[in-house]
Amino acid sequence: MNFAEQTSGDLSLAFKREALVLLPTGSVEQHGPHLPVGTDGLIAERLAVAVAGQMPDRCLVLPTLWYGFSPHHMSFPGTVTVASGTYLGVTGEIAASLYAHGVQHLAFLNGHGGNSAPLKVLAAELARAHGKSPLVVTYWDLVAAEIGDFFEEPDQVCGHACALETSLALHLFPEAVKPELIPGPSGKAGPHMFAGAGAVQGLDFRHFSSNGVIGDPSLATPDLGRRLFELIVERLVAALSRS
Ligand SMILES: [Zn+2]
């Protein structure tokens, strides 16, 4: 169910039935020469809608929070970031509003790596203030064990506007992708999605990659995107069913 299309009365009843409220979180930031700046929110929103479709009596999908914490993309035109304090403020106040109405189950379905750290901080702060915590899920974390079935070297080809994101984009919103501009591998020294824990830096992505890409989007296909999307939805339904 689309949260914004419900009445206050409908929502009051849904909250009493212990609805699970999903907030897709994205960012407006450069995604290389070939993907739109809204890629992260577009993917998170489509995942949330698909998850809600599989849990129809349980889920409410809030309007996507398009803006995120993206200072590390600001050297590329089109990036629009908010400061970390602003991001924590907005997400915290969204959660507090819902908690004030008795919502018990809230999940942030995150599509942007830069939001992960603030959302984890937020979850701990909300737990201390309200005695309950939202679930924070950054979608690619759920398929870390299986990503090797899709790409031979996932620790090198998946980072940003990469093999993973470009595959999902080709499946979900191909009309917004510029296939003729898909580059080869870039940004070897930059942060990758499946590289495991290690030392981290907060440098602008321009430092690692002249085109903003980290990974290898040339490996992306719509079919890989479809299979990845189906697996991620399955994993999200399993994770959220336990909340
Ligand atoms: Zn992205």
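Counting starts at 1 for both ligands and their atoms, in listed order.
- Under the 3.5 Å distance criterion, with hydrogens and angles disregarded, a donor-acceptor pair is assigned to the side chains of E18 and H105.
- The minimum distance between the Zn ion (ligand 1) and any N, O or S atom of E165 involves atom OE2.
- There is a side-chain donor-acceptor pair under 3.5 Å between K16 and S12.
- In this structure, E153 has no salt bridge (Lys or Arg N to Asp or Glu O under 4.0 Å) partners at least two apart in sequence or on a different chain.
- Residue side and main chain included, H31 places an N/O/S atom under 2.8 Å of the Zn ion (ligand 1).
- Residues satisfying the salt bridge (Lys or Arg N to Asp or Glu O under 4.0 Å) criterion with E234, sequence neighbours excluded, are absent altogether.
- Taking 2.8 Å as the threshold, E29 does not count as a candidate ligand of the Zn ion (ligand 1), since none of its N, O or S atoms lies below it.
- Minimum-distance N/O/S atom of D40 relative to the Zn ion (ligand 1): OD1.
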